[in-house]
Chemist: 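Here it is: the structure, laid out below.
The structure displayed is predicted, hence computed values, not measured ones. To find a chain, count down the sequence lines: A is the first, B the second, and so on, and within it residues start at 1.
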Amino acid sequence: MKPGLKVLDEIPKWNVVAWTSLIAGYVNNDCASEAIRVFKDMESLNVEPNEITLVHVLVACARSRDLGTGKLVHSRVRQLGYDPFVSSCNPNLVLATAIFDMYAKCGNLNTARDLFDKMPKRNLVVWNSMIASYNQYGQAEEAVGVFSDLLVSGFDPDKATFLSVISACGKLGDLALGQSFHAYVLKMNICNDVAVGTALVDMYAKSGDAESARKVFSDLKTKDTKAWTSMIIGLAMHGHGEEALTTFKRMQEDAAASPDQITYIGVLSACSHVGLVEEGQRHFTEMRNVYGIEPTIEHYGCMVDLLS
DNA sequence: TTAGGGTTAG
């Protein structure tokens, strides 16, 4: 359905506000690629975007990880004289953040970092976005580095900050640093939060401390899909295949969480580690027939390992 | 009419 286009046919000439509202509507309804298409239509009809239009389109590019269009929009920003990164007494911070975040979300970290350093004013969300992007795109060390800069700058990290840096510790296998973050979130009293707990389980498992991973996991009052999955994968990754499978059985008995594609990567790899061919085949079938999860290339990879 | 942050796999 393209409700906007129907309206479009009926209105001979739209102004920039109308176009912008349509684009914003698509962005706010999770139709980022549709928003980008509308923006391109608008451009081809020579309606000049304003700063607000550009913000919405940049958000759309970030959400759909469309770096190519994002760069075009960025040059359009400069062309129209709106560049918030050139010295100006009153830079548009919303636009600056939208440009930065587009590069960060699309994984162009060098440009994102350059803009981050030039940002006219930084708040905690911008810091968190920089840290999260480094972590997500495999630069865990940089994520931790920006975290220390954040402390030096006098900001107070919050839950989102810790989710990223705890995850980064797991990727680095830095147990000591992970433990210090654990102490920090205990003091902040956000340890019972299921997301924080999940990040800790993952960190401890990846750092080789299975006992602490189990402890954090069992202390969690509510366990969602991601929490169960982290525990199962953490056990499977470190040679506790049997325990991973009994944990998966408990998960299936928990009405509050149901397995997803990622859970099954853990389950199937546990079966292959332990050499349980039939159980692996049974889980593969169950994944499709009971949970309606279509296998991905990773699932097939686990099955190949299992059968070879 | 204006944005933006998070954990699980690969």
Chemist: Nearest to the A:Lys226 side chain among B:dT1, B:dG5, B:dT8, which nucleotide is it?
Modeler: B:dT8
Chemist: Here's a test for you: under side-chain hydrogen bond (donor to acceptor under 3.5 Å, both in side chains), which of A:His182, A:Gln179, A:Arg214 qualifies with A:Tyr204?
Modeler: A:His182
Chemist: Within less than 4.0 Å of OP1 or OP2 of B:dT7, is there a side-chain N or O belonging to A:Gln136?
Modeler: yes
Chemist: Which one, B:dG5, B:dT2, B:dA9, comes nearest to the side chain of A:Val55?
Modeler: B:dT2
Chemist: Is a side-chain donor or acceptor of A:Ser129 paired with a backbone partner of A:Val125 at a separation under 3.5 angstrom?
Modeler: no
Chemist: Rounded to whole Å, please give me the gap between CG in A:Asp260 and P in B:dG10.
Modeler: 13 Å
Chemist: Figure out the CZ/C1' separation between A:Phe181 and B:dT7, and round it to whole Å.
Modeler: 14 Å
Chemist: Is A:Ser167 close enough to B:dT8 that one of its side-chain N or O atoms is under 4.0 Å from OP1 or OP2 there?
Modeler: yes
Chemist: Would you please confirm or rule out a distance under 4.0 Å between OP1 or OP2 of B:dT7 and any side-chain N or O of A:Lys171?
Modeler: no
Chemist: What residues in residues 291-308 of chain A put a non-hydrogen atom under 4.0 Å from any atom of DNA chain B?
Modeler: A:Glu298
Chemist: Look at all strands and tell whether A:Ala132 reaches a base, only sugar-phosphate, or nothing, counting heavy atoms closer than 4.0 Å.
Modeler: sugar-phosphate
Chemist: Measure from the ring center of A:Tyr300 to the ring center of A:Phe284 and say whether it is less than 6.0 Å.
Modeler: yes
Chemist: A:Val125 has a side chain; which of B:dA9, B:dA3, B:dG5 sits nearest to it?
Modeler: B:dG5
Chemist: For the pair made of CE in A:Met42 and P in B:dT1, what is the distance, rounded to whole Å?
Modeler: 16 Å
Chemist: Report which part of the nucleic acid A:Ile233 touches: base, sugar-phosphate, or nothing (heavy-atom distance under 4.0 Å, all strands).
Modeler: sugar-phosphate
Chemist: So, applying side chain to side chain contact (heavy atoms under 4.5 Å, CB included) with A:Val94, which one of A:Ile52, A:Val55, A:Ile99, A:Leu58 is it?
Modeler: A:Val55
Chemist: Pull out every residue in residues 96-112 of chain A that has a heavy atom closer than 4.0 Å to any atom of DNA chain B, ordered by number, or say none.
Modeler: A:Thr97, A:Asp101, A:Lys105
Chemist: For the residue pair A:Phe181 and A:Phe147, is the inter-centroid distance of their aromatic rings smaller than 6.0 Å?
Modeler: yes
Chemist: Name the nucleic acid region contacted by A:Val59, choosing base, sugar-phosphate or nothing; use a 4.0 angstrom heavy-atom cut-off, strictly under.
Modeler: sugar-phosphate
Chemist: Are A:Phe248 and A:Tyr264, when compared by the centres of their aromatic rings, separated by less than 6.0 Å?
Modeler: yes
Chemist: Could you work out which one of B:dG5, B:dT8, B:dT2 sits closest to the side chain of A:Ile52?
Modeler: B:dT2
Chemist: Would you confirm whether A:Ser75, through its side chain, and A:Leu72, through its main-chain N or O, come within 3.5 Å as a donor-acceptor pair?
Modeler: yes
Chemist: Name the nucleic acid region contacted by A:Ser230, choosing base, sugar-phosphate or nothing; use a 4.0 angstrom heavy-atom cut-off, strictly under.
Modeler: sugar-phosphate
Chemist: Would you mind classifying the nucleic acid contact of A:Arg63 as base, sugar-phosphate or nothing, using non-hydrogen atoms under 4.0 angstrom?
Modeler: sugar-phosphate
Chemist: Whole-Å distance between B:dT2 P and A:Leu58 CG?
Modeler: 16 Å
Chemist: Given B:dT8, B:dG5, B:dA3, which nucleotide is nearest the side-chain atoms of A:Ser129?
Modeler: B:dG5
Chemist: Take atom CG of A:Asn92 and atom C1' of B:dT1, then tell me their distance rounded to the nearest Å.
Modeler: 13 Å
Chemist: Rounded to whole Å, please give me the gap between CD1 in A:Ile166 and C1' in B:dT7.
Modeler: 9 Å
Chemist: Quick check: is A:Leu306 connected to A:Leu276 through a chain of hydrophobic side chains (ILVMFWY, heavy atoms under 4.5 Å apart)?
Modeler: yes
Chemist: With a 4.0 Å cut-off on heavy atoms, is A:Asn50 in touch with a base, just the backbone sugar-phosphate, or nothing at all?
Modeler: base
Chemist: Is the A:Phe217-A:Trp228 ring centre distance short of 6.0 angstrom?
Modeler: yes
Chemist: Between A:Phe39 and A:His56, does a ring pair (Phe, Tyr, Trp, His ring centres under 6.0 Å) hold up when you go through it step by step?
Modeler: CA-CA 10 Å; A:Phe39 174 71; A:His56 287 300; over 10 Å; no
Chemist: Hey, does the side chain of A:Thr198 reach the backbone of A:Lys226 with a donor-acceptor pair shorter than 3.5 angstrom?
Modeler: no
Chemist: For a quick check of understanding: with a heavy-atom distance under 4.0 Å over all strands, which category does A:Leu93 fall into, base, sugar-phosphate or nothing?
Modeler: base
Chemist: Could you check how far CE of A:Met237 sits from C1' of B:dT8, rounded to whole Å?
Modeler: 10 Å
Chemist: Provide, to the nearest angstrom, the distance between the CG atom belonging to A:Leu95 and the P atom belonging to B:dA3.
Modeler: 12 Å
